[in-house]
Amino acid sequence: MKLITAIIREDMLDQVREALIQAEITRITVSRVSGHGRQVEERIHRGEKIVPDLIPKVRLEIAVNDSFVDITCNAILESAGKNGNGESYIGSGKIFVTPLEECIRIRTKERGSAAI
Amino acid sequence: MEINRTIALRHIRNWFGLLAFIATVMPNTAWASENKPIDSGATAWMLTSTALVLLMVPGLAMFYGGLVRTKNVIGTMMHSFAAMGIMSVLWIICGYAMCFGPNVFGGWLGWNTEYLFLKGIDQTILDAGVPEYVFAMFQGKFAIITPALIAGAFAERVTFKGYCIFIALWGLLVYNPLCHWVWAPDGFLFNMGAAGAIDFAGGTVVHISAGISGLVAALFIGARRGFPKTAMLPNNLVMTMMGAGLLWVGWFGFNAGSSIASGLSTAQALTATQAAAASGALAWMIIESWHQGKATALGFASGILAGLVAVTPAAGVVQPAGALLLGAFASGFCYLAINIKNRLGYDDSLDVFGIHGVGGIVGAILLSFFIRDGWMADAAKAAGGSWSVWQQLSVQAVAVLLAIGYAASVTFVLVFLIHKLFGFRNDTQSEMAGLDHSFHGERGYGMLNAG
């Protein structure tokens with residue numbers, strides 16, 4: 001089992017969700033986070049340009065069985081990388097894949113792969 | 001508006017009479033002079049009404065702002081606020097001259113050069129005892145809120161520049177002529193039938209024209225990306241409820257202020273307004289509870305609006321029982337219209353046509369059945385004997401159809417040209433990133449983990 005954590009642009013969430021659902025990955029957790037990478041995003045405040053220290057992003061957490069790792073990662077890679085005009089640019093985010101020791105479904109107390 | 005009605009010269013029914021009429025009164029206005037005493041009661045109420053109608057615009061910004069997605073909240077609120085800037089400036093420059101000057105171009109518009117920059121009304125007191133500045137500013141507020149209403153139909157998907165150009169041209173070419181036809185003393189709808197097409201505070205001018213224009217624009221620029229598959233839920237219903245509340249309060253200025261007086265007609269309009277808003281809200285709540293099993297807050301707010309929209313043309317002529325029925329009918333028809341819209345699948349995002357268009361039509365037509373006897377008696381006298389509900393109904397229907405036909409066709413030409421020349425619909429990238437980031441460089445809620 002693996003835990004896939006993806007940090008993506010806010011405005012890519014709809015597209016990534018659509019791609020994941022297409023790949024039959026429907027069990028996910030989404031949270032709004034902010035962070036700092038290489039991207040610089042200007043905002044305007046009373047006529048001055050301001051660069052915030054932290055930029056809002058969306059974090060997806062998806063627990064999968066090993067055979068689904070590539071499917072999930074590919075779905076995210078293909079949907080989260082390009083903006084509406086088909087260009088790729090800095091700030092598209094990252095995917096982290098980490099080993100997952102245990103997974104327990106609270107309602108049934110099932111454990112392991114069956115619970116995912 | 002009532003004051004126009006009492007002083008307009010009723011015998012002017014034909015083109016030649018009209019020409020003679022204009023010749024005699026130019027360059028002065030038909031119904032104002034410089035030496036009238038100020039009626040401080042009426043003036044105080046009209047000042048209050050002017051402020052109340054302006055209050056509806058931030059109310060509308062909150063109502064619409066809460067209904068869109070988080071990434072579009074600022075852009076959507078700016079649609080209302082931008083109208084306060086653009087339409088006010090245009091109104092002072094030439095809007096008042098186009099609406100309340102004497103007929104030109106065969107009555108398509110009014111025009112009075114004296115009214116440019118309002119310079120000719122600096123010392124004028126209306127026959128109602130109200131300084132003409134107050135009347136001009138009160139009317140100007142209507143010119144702000146009408147295009148702001150349209151913005152809900154194409155919410156979340158237009159460029160800010162295209163929107164600004166659209167409302168400026170729409171105000172000049174759709175609002176001003178309609179306003180002139182319905183409310184100027186020599187407007188042809190004002191003088192149609194025995195005692196004019198009844199549009200007390202703007203059923204045709206404001207709500208039907210905004211509703212139908214929104215529908216045309218929404219159909220022309222197409223649905224939002226992902227509609228209807230992706231759920232597009234309100235970001236802040238609390239703000240929407242506060243906005244609906246402000247609209248209700250502001251509507252007392254809108255309707256009761258349209259009496260241009262502080263007296264009996266004001267009280268009649270005020271009472272009808274409260275009755276229709278309340279019964280509209282209640283009717284929507286009951287219908288929705290029966291149909292969906294739950295009474296939603298947005299449904300209640302929509303019912304308030306449907307009732308208020310329907311009573312807008314009628315506030316001067318219906319009694320409380322009629323207003324209660326009008327509000328309830330409006331909610332029923334609007335609820336039905338929105339259900340049909342959902343099946344047809346076009347994207348009138350915030351239901352401008354479903355509420356303002358349908359509610360306005362329901363109000364303007366059905367009011368014929370609830371007119372108080374005194375008004376009908378006066379109309380019969382003016383018509384020289386008898387005047388029936390059905391005759392008034394036909395006058396109302398003609399006014400509604402004209403407003404629909406005119407607003408729809410001019411709006412279509414406008415959105416087509418603006419989209420070709422300046423880009424009205426935004427591109428996919430700016431739509432995905434949201435109006436706030438793409439056109440304003442800001443975010444609505446906080447700088448960090450905003451919801």
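These numbers were taken from a predicted model, which means no experiment stands behind them. Chain identifiers are assigned alphabetically (A, B, ...) following the order of the sequence lines, protein sequences preceding nucleic acid strands; residue numbering begins at 1 within each chain.
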Next item on the list: Step through the shown structure and confirm whether more than 12 heavy atoms of other residues, nucleotides or ligands are within 6.0 Å of CZ on A:R105.
Entry: yes
Check: Take atom CZ in A:F68; do more than 12 heavy atoms of anything else shown fall under 6.0 Å from it?
Finding: no
Notebook entry, point to check: Does the side chain of B:H437 come within less than 4.5 Å of A:E10's, by heavy atoms?
Noted result: no
Check: What are the two closest non-hydrogen atoms of A:D11 and B:M432, and how far apart are they?
Finding: CB-O, 2.8 Å
Notebook entry, point to check: For atom CD of A:E48, is the number of surrounding heavy atoms from other residues, nucleotides or ligands below 6.0 Å larger than 12?
Noted result: no
Checklist line | Distance (rounded to the nearest 0.5 Å) between A:Q15 CD and B:T230 OG1 | finding: 10.0 Å
Notebook entry, point to check: Is it true that atom CD1 of A:I104 has more than 12 heavy atoms of other residues, nucleotides or ligands lying nearer than 6.0 Å?
Noted result: yes
Next item on the list: State the NZ-CD1 distance between B:K229 and A:I21, to the nearest 0.5 angstrom.
Entry: 8.0 Å
